[in-house]
Protein chains: 2
Amino acid sequence: MSKCEQCIVRQFSSLKALTKDELLKMADCKTSYTIKKGETIFEEGETTNGIYCIKDGVCKMTKLSANGKDQIVKLVKPGELLGQRSTISEEPANLSAVALEDMEVCFIPKNEVLQFFTQNNQFSMNVMKTICGDLKEADDHMVSMAQKSVKERLAETLLYLEDTFGKNDDNTLKLQLSREELAGMIGTATESCIRLLSELNKAGLIELIGKKIAIKDRNKLRRMAE
Amino acid sequence: MSKCEQCIVRQFSSLKALTKDELLKMADCKTSYTIKKGETIFEEGETTNGIYCIKDGVCKMTKLSANGKDQIVKLVKPGELLGQRSTISEEPANLSAVALEDMEVCFIPKNEVLQFFTQNNQFSMNVMKTICGDLKEADDHMVSMAQKSVKERLAETLLYLEDTFGKNDDNTLKLQLSREELAGMIGTATESCIRLLSELNKAGLIELIGKKIAIKDRNKLRRMAE
DNA sequence: ATTAAAATATGATATTTGTCATACTTTGAA
DNA sequence: TTCAAAGTATGACAAATATCATATTTTAAT
């Protein structure tokens, strides 16, 4: 069982506030998992009973809408925590978490986390700030969905994907989503998403290399996203 | 200066965890305001430096989108707190708060609130749960915006308004929004909103009494909202 | 009471987006 | 290697929604 002291998650997340003792205690009760691309970490409605630390790999948080489509609410990357909201609210998960790449995660039981809250003020302040950040993002995201066109949202999302997950040597986005998933992020039909990608391709703002996408003209794309 | 002990806000909000001593201290440093319908409590981008307790009156939280329209992100009613997120994040407000009715609010300075966080664990846990609830709502709201049609969102919103703010003797919604504001809630053009209201009126699901709206057939409306 | 401004309503039309059909391409399993 | 399934692409069309114009009603200021 590896120690938590050197873990990437500790460096980037609220966990950086934990003391050595607390870290040892955590290392002691954590469970490590390997999750294959496409597998589910937890499902909307499920009781999670703890939080997951993302050591490696990206996952999508989705919600099934009434029309049967999966809306991708957010993407979570290494160094971040999963399931904080439902652990704190002591409620079932509101979103499903599905691996977009092979992942390594650690699970920390709820009781442990709740103890840290009462023991360590800085930790609970950090968690609170994280959730406040999530709330701000969610509000902004909502306004985007309500007020922007599909094309604007697509441009915005492509820039976000490059900024957040980087690009390969051939300039293609490192995080490769299917067209259906990309459509699920911007909240539109898969065909509409494909059509708009073609359009951006023809206009020279992006390049489609097989299923991969490369951004060619950031400025125009940014202006398009408004 | 009135005491905080009996205040409605204390009964319904995270503040219920505060001790008598803490309440006295709070009563001591709070400022009471009267805000007229249409006036702004704080503006997006402004530094708030504390939280507002809503004693009376409803306000809207809005965000100006790139196309110049005000999106109503949420409504806040008596007993709730305003500005928690920006106080905790120590960031400027992400949303503007504008009174929909004459309001009575109290302002509690940031320092005071942050002290309670470190002193009173139950209080910070309460705040955390509130914000987690807001996050869940925001995520759900976002999925609605992305996946539902304008008509579905209108039906959903009308039911929400009746459930949350109640109705008058003539069955009209107690909280009276202008058509423009209603459009701003569901994220559509004012004309589209008016048109759909007419349609629901003709179909007998609602009744338009001047500018007021009465729900006639909850079940059909609920089915329409999916 | 009068009147200008704002809010509500509705028609005509353009634009955006979704849906269905179909073809092509890639992927992965037998 | 081959083939079926999944993913990507595109056309045709329908439906939803926005925009602009204009009429009517309500509100509020003088």
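Below, read A as the first sequence line, B as the second, and so on, with proteins coming before strands; counting in each chain starts at 1.
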Full working for side chain to side chain donor-acceptor pair (under 3.5 Å) between A/Ser144 and A/Glu156: CA-CA 9 Å; A/Ser144 266; A/Glu156 196 176 44; 3.2 Å; yes

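- Contact annotation: the side chain of B/Glu39 never approaches that of B/Val98 to less than 4.5 Å [non-hydrogen atoms, C-beta and beyond].
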Test log, rule side chain to side chain donor-acceptor pair (under 3.5 Å), inputs A/Thr47 and A/Asn49: CA-CA 6 Å; A/Thr47 304; A/Asn49 276 319; 5.7 Å; no

Find every protein N or O atom lying less than 3.5 Å from an N or O atom of nucleotides 5-15 of chain C, and list the pairs.
unit_1 : atom_1 : unit_2   : atom_2 : d
C/dA7  : O3'    : B/Lys211 : NZ     : 3.4
C/dT8  : OP2    : B/Arg179 : N      : 3.1
C/dA9  : OP2    : B/Arg179 : NE     : 2.9
C/dA9  : OP2    : B/Arg179 : NH2    : 3.3
C/dT10 : OP2    : B/Ser198 : OG     : 2.5
C/dG11 : N7     : B/Arg195 : NH1    : 3.0
C/dG11 : O6     : B/Arg195 : NH2    : 3.0
C/dA12 : N6     : B/Arg195 : NH2    : 3.4

I'd like to know whether B/Gln71 forms a side chain to side chain donor-acceptor pair (under 3.5 Å) with B/Thr62, so could you lay out the CA-CA distance, the side-chain angles of the two residues, the decisive distance to 0.1 Å, and finally the verdict. CA-CA 5 Å; B/Gln71 174 71 29; B/Thr62 67; over 6 Å; no

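- In this structure, B/Asn168 contributes its side chain and B/Asp170 its backbone to no donor-acceptor pair below 3.5 Å.
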Go through the steps to decide whether A/Asn94 and B/Asp140 satisfy the test side chain to side chain donor-acceptor pair (under 3.5 Å), and finish with yes or no. CA-CA 8 Å; A/Asn94 189 37; B/Asp140 291 354; 3.0 Å; yes

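- Nucleic acid contact for B/Lys69: sugar-phosphate only, since backbone atoms but no base atoms lie under 4.0 Å from a heavy atom of the residue.
- For DNA chain D, the span of nucleotides reached by chain A at under 4.0 Å from its heavy atoms goes, 5' to 3', from D/dG7 to D/dA12.
- Remark: P of C/dT16 and CD of A/Gln147 are 16 Å apart, rounded to the nearest angstrom.
- A/Lys151 is not listed as a side-chain neighbour of A/Leu154, based on a closest heavy-atom distance of 4.5 Å or more.
- Using bins of under 30°, 30° to 60° and over 60° for the plane-to-plane angle, the ring pair B/Tyr33/B/Tyr52 lands in the tilted bin.
- Going from atom NZ of A/Lys212 over to atom C1' of C/dT27 covers 15 Å, rounded to whole Å.
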